[in-house]
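What follows is a single structure, written as structure tokens, with notes after it.
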Amino acid sequence: MSDFSKEDIERKVVLQKGDDAPIFELENQDGVKISLKDFVGKNVILYFYPKDNTPGCTTEACEFTQNYDEFIKNDTVIIGVSPDSVKSHAGFIQKHSLKHILLSDETRQVAKDYGVWQVRKNYGREYLGIVRTTFVIGKDGKILKVYKSVKAKEHAVKVLADITKGL
């Protein structure tokens, strides 16, 4: 018998190109509330990752920072979201000199709204966690592209290439 709810077991990323991106408001690394609405008129890379300061998450975040200026030139904002605390995000940014916004989703509600809080399996153990996923959201708030089950290494370069080509 599973300890997970039916909703947890059935949750999947169902958002796709053309859908309205779910609106949210979360605190950033400085404790300031940030809403998706703040970025109307800009493209948004919204990437969900499991945990600050872990190898894959650090690789992904650092690669987004390495390409930050090119994203900005393409009128694109980068936002990372994880269940970590505001304090954890502040430390992660400082430790790795990250340039982009990190948002704290400690209740996991935004992750659930986007379908990325799912039952995961690792070494035979089941648990609830983030499935690494990236959404490209257009200037009008509609989803332009979804990258599911992302591999951290070179992901930012791939997203940048797609943005540069106009998706």
Side-chain angles (χ1 to χ4, degrees), residues 4-28 33-52 54 56-84 89 98-121 128-167:
F4 307 113
S5 72
K6 184 177 184 218
E7 177 187 10
D8 288 332
I9 292 167
E10 294 177 352
R11 186 174 299 112
K12 302 215 178 330
V13 176
V14 296
L15 293 169
Q16 56 190 336
K17 182 178 180 173
D19 289 347
D20 289 329
I23 300 297
F24 58 81
E25 184 177 84
L26 295 171
E27 288 186 1
N28 72 2
K33 289 191 178 193
I34 302 290
S35 172
L36 184 58
K37 292 178 186 177
D38 298 338
F39 303 103
V40 170
K42 293 197 176 290
N43 295 312
V44 175
I45 304 299
L46 184 67
Y47 77 96
F48 289 86
Y49 66 99
K51 188 157 182 52
D52 292 341
T54 56
C57 298
T58 300
T59 295
E60 184 176 28
C62 288
E63 287 183 8
F64 273 117
T65 286
Q66 289 164 1
N67 292 282
Y68 181 82
D69 293 339
E70 288 302 312
F71 280 106
I72 295 302
K73 285 180 191 172
N74 284 279
D75 209 18
T76 303
V77 175
I78 305 163
I79 302 173
V81 180
S82 84
D84 292 304
H89 283 340
L98 302 178
K99 295 180 180 179
H100 56 280
I101 299 165
L102 296 181
L103 298 179
S104 175
D105 185 19
E106 289 186 275
T107 66
R108 290 117 173 120
Q109 187 57 55
V110 176
K112 290 175 184 176
D113 291 347
Y114 277 80
V116 303
W117 185 252
Q118 298 177 16
V119 175
R120 311 268 327 265
K121 292 180 184 177
L128 286 170
I130 296 281
V131 174
R132 193 183 307 274
T133 309
T134 300
F135 298 86
V136 179
I137 302 168
K139 297 176 181 189
D140 60 357
K142 296 209 180 287
I143 295 173
L144 298 175
K145 187 160 186 163
V146 180
Y147 301 83
K148 297 179 182 179
S149 299
V150 167
K151 302 289 183 234
K153 188 162 180 55
E154 299 180 7
H155 175 60
V157 174
K158 180 177 179 168
V159 175
L160 179 59
D162 288 347
I163 291 278
T164 304
K165 288 187 291 190
L167 299 175

Please evaluate residues Arg108 and Leu128 with respect to the criterion side chain to side chain contact (heavy atoms under 4.5 Å, CB included), reporting the C-alpha separation (whole Å), side-chain torsions for both, the decisive distance (0.1 Å), and the verdict. CA-CA 10 Å; Arg108 290 117 173 120; Leu128 286 170; over 6 Å; no

Quick one: are Tyr147 and Lys158 in side-chain contact, heavy atoms under 4.5 Å? yes

Between the side chains of Asp84 and Ser82, is a donor N or O closer than 3.5 angstrom to an acceptor N or O? yes

Lys112 NZ: over 12 foreign heavy atoms closer than 6.0 Å: yes

Sidechain-backbone polar pair: Thr76 side chain, Ile72 backbone, donor-acceptor under 3.5 Å: no

What heavy-atom pair brings Asp113 and Pro22 nearest, and what distance separates the two atoms? O-CG, 3.9 Å

Checking Arg120 side chain against Ile130 main chain: does a donor-acceptor pair fall under 3.5 Å? yes

Step-by-step side chain to side chain contact (heavy atoms under 4.5 Å, CB included) determination, Ile45 to Ile163: CA-CA 10 Å; Ile45 304 299; Ile163 291 278; 3.9 Å; yes

Less than 4.0 angstrom from a charged side-chain N to a carboxylate O is my criterion; do Lys165 and Asp162 meet it? yes

Using every non-hydrogen atom in the two residues, find where Thr134 and His155 come nearest and quote the distance to one decimal. OG1-NE2, 2.8 Å

Working to the nearest 0.5 angstrom, can you tell me the gap between Lys151 NZ and Thr59 OG1? 13.5 Å

Taking C-beta and beyond as the side chain, do Ser35 and Ile23 meet within less than 4.5 Å on heavy atoms? yes

Do Asp52 and His89 get their side chains close enough for a donor-acceptor pair, meaning under 3.5 Å? yes

Is the shortest heavy-atom distance from the side chain of Tyr49 to the side chain of Val81 under 4.5 Å? no

Begin with the C-alpha distance, continue with both residues' side-chain angles, and end with the deciding distance and a verdict on side chain to side chain contact (heavy atoms under 4.5 Å, CB included) for Leu36 and Val44. CA-CA 9 Å; Leu36 184 58; Val44 175; 4.2 Å; yes

Parallel, tilted or perpendicular, as decided by the 30° and 60° cut-offs, for the rings of Tyr114 and Phe48: tilted

Is any side-chain heavy atom of Ile78 less than 4.5 Å from a side-chain heavy atom of Lys99? no

Passing candidate, side-chain contact (heavy atoms from CB on, under 4.5 Å) with Val136, options Leu46, Ile143, Leu144: Leu144

Which atom names give the shortest non-hydrogen contact between Val146 and Thr133, and what distance separates them? CG1-CG2, 4.1 Å

Between Pro83 and Pro50, what is the shortest heavy-atom contact and its length? CD-O, 3.6 Å

Heavy-atom pair with the smallest gap, counting every atom of Val131 and Ser149: CG1-OG, 3.9 Å

Within a strict 4.5 Å, meaning less than it, do heavy atoms of the Leu160 and Asn74 side chains meet? yes

Determine whether Val116 and Phe135 satisfy the following criterion, side chain to side chain contact (heavy atoms under 4.5 Å, CB included), listing intermediate values before the conclusion. CA-CA 11 Å; Val116 303; Phe135 298 86; 4.0 Å; yes

Kindly compute the distance separating SG (Cys57) from NZ (Lys51), expressed to the nearest 0.5 Å. 9.0 Å

Say whether Gln109 and Asp105, considering side chains only, have a donor N or O and an acceptor N or O under 3.5 Å apart. no

Tell me whether the rings of Phe64 and Tyr47 are parallel (<30°), tilted (30 to 60°) or perpendicular (>60°). parallel

Any side-chain heavy-atom pair of Cys62 and Leu98 under 4.5 Å: yes

Heavy-atom nearest pair, His100 first then Gly80, reads CD2-N, 4.3 Å

Any Lys153 side-chain heavy atom under 4.5 Å of Glu63 side chain: yes

Counting C-beta onward and ignoring hydrogens, is there a side-chain heavy-atom pair between Leu103 and Ile79 closer than 4.5 Å? yes

Does NZ belonging to Lys139 count more than 12 external heavy atoms closer than 6.0 Å? yes

Carboxylate-amine/guanidinium proximity below 4.0 Å for Asp20 and Lys142: yes

